[in-house]
Structure formats: structure tokens, C-alpha cells
Amino acid sequence: KRNKSNEKSSYDEIVLTVNGKIRAGFDLSKVKDNDIKVNGDTISIKLPSPEILDVISNPSDYSIFEESGDWQHDEIAAIQSRGTKKMLNNAYKHNILEKANNNGKERITNLLTAFGFKVVNVTLSEVPVVEIIEEEQTLVEEIIPETLQPADSVLVDSI
């Protein structure tokens with residue numbers, strides 16, 4: 001909502017959802033030669049810290065449920081951009097990097113076992129601490145029903 005004037009009855013409203021996908025995992029190009037040790041059928045590997053690899057939110061991922069008033073394209077685009085940032089903050093709040101670290105260890109272990117290694121030792125780097133930045137208040141007022149909660153699960157692509 002935004003108030004076009006000081007009158008309480010003079011609001012423009014837009015209700016939209018932002019859907020998308022956030023992929024987190026390891027940038028394996030950051031693995032150095034000394035991070036991998038092979039001794040017969042045993043391999044030890046130290047993985048780099050997990051990171052956000054992609055934030056994908058296409059125009060088709062937005063749904064407008066209600067629109068009243070005069071909204072300019074650049075205003076809607078700004079709200080959609082805020083929605084994408086909120087999606088990323090939500091992923092951080094749901095520990096996406098920690099989940100990527102754990103899932104990645106399992107997937108790398110399975111991959112190296114499939115290559116024929118009998119013993120696979122995977123060492124994980126620390127998950128970076130991400131400061132979630134709360135947005136400043138603007139003319140746009142967000143109304144989120146108390147019953148609406150963020151997704152309980154976050155899709156994690158680890159490799």
C-alpha cells in the first residue's frame with residue numbers, strides 16, 4: 001500500500017508474490033591442489049566455504065493478485081526487486097549455507113565412492129556468517145498476515 005495523500009481512503013494497493021530458486025553450494029574451482037590428498041584407495045579433500053551460486057527469479061515468477069491505483073512499471077520492478085532480496089534473506093534465515101555444507105559433504109562422498117575410493121574423508125570449511133540486512137522503511141507498506149510463514153524448507157543444490 002502507499003498513501004497518495006494524507007487521506008486514509010486514498011491508497012494505491014498491489015499484492016504480488018515472488019517465487020524463485022536460490023542455489024547454494026561449493027565453487028569447486030576454489031579447491032587447491034594441496035586440498036586433495038590421494039593415497040591408494042583413500043582420498044581426502046578439503047572443500048571451500050559454501051556460497052550462494054545463483055538467485056533465480058524471472059518475470060514469470062511474479063504473480064500479481066490485486067492491483068489498484070496507478071503503479072508505474074519502475075515502481076513494480078522495485079517492489080519485485082525487494083521481493084527477490086527478501087527471498088535471499090529468507091534463505092539465509094533458514095541456514096541455506098549450512099544445509100549446502102552438509103548436503104555437499106554427502107554428495108561429494110557419494111561421488112568419490114562411485115569413482116572407486118574405499119575411504120573418503122571430506123573436510124568442510126566454516127560456513128561464513130552472513131549479516132541479514134533489514135530494509136529501510138519506504139512509502140510502500142507491507143502487510144503480511146500472521147498466518148503466512150516462510151517456507152519450511154529451502155531447496156539446496158550442493159554441487
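Here the structure is a predicted model, which means the values were calculated and not measured.
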Margin query: Please tell me whether Val119 and Leu124 are part of a single hydrophobic cluster in this structure, the criterion being side-chain heavy atoms less than 4.5 Å apart.
Written below: no
Note to self: Membership question, hydrophobic clusters at under 4.5 Å side-chain separation (ILVMFWY): are Val38 and Val122 in the same one?
What the structure shows: yes
Closest approach of [X] to [Y] (non-hydrogen atoms, all atoms of both residues):
X     : Y      : answer
Lys46 : Ser125 : CE-OG, 3.8 Å
Pro48 : Asp27  : CG-O, 3.6 Å
Leu97 : Ile52  : CD2-N, 4.0 Å

Check: Within a radius of less than 6.0 Å around NZ of Lys37, do more than 12 heavy atoms belonging to other residues, nucleotides or ligands occur?
Finding: yes
Notebook entry, point to check: More than 12 heavy atoms of other residues, nucleotides or ligands under 6.0 Å from CG of Asn34: is that the case?
Noted result: yes
So how far is it from [X] [atom1] to [Y] [atom2], rounded to the nearest 0.5 Å?
X      : Y      : atom1 : atom2 : value
Ile56  : Thr84  : CD1   : OG1   : 11.5 Å
Tyr92  : Glu98  : OH    : CD    : 14.0 Å
Asn110 : Phe115 : CG    : CZ    : 11.5 Å
Glu106 : Asn102 : CD    : CG    : 9.0 Å
Ile45  : Thr123 : CD1   : OG1   : 9.5 Å
Asn101 : Asn95  : CG    : CG    : 11.5 Å

Between [X] and [Y], is there a donor-acceptor pair closer than 3.5 Å when you use the side chain of the first and the backbone of the second?
X     : Y      : result
Asp54 : Lys21  : no
Asp35 : Lys32  : yes
Ser49 : Val127 : no

Next item on the list: State plainly whether the residues Glu51 and Arg23 are in salt-bridge range, i.e. N to O under 4.0 Å.
Entry: no
Note to self: Name the residue from Val120, Thr109, Asn121 that meets the side-chain contact (heavy atoms from CB on, under 4.5 Å) definition with Ile43.
What the structure shows: Val120
Check: Going through the distances and angles, do Val31 and Phe26 end up as a side chain to side chain contact (heavy atoms under 4.5 Å, CB included)?
Finding: CA-CA 9 Å; Val31 175; Phe26 304 102; over 6 Å; no
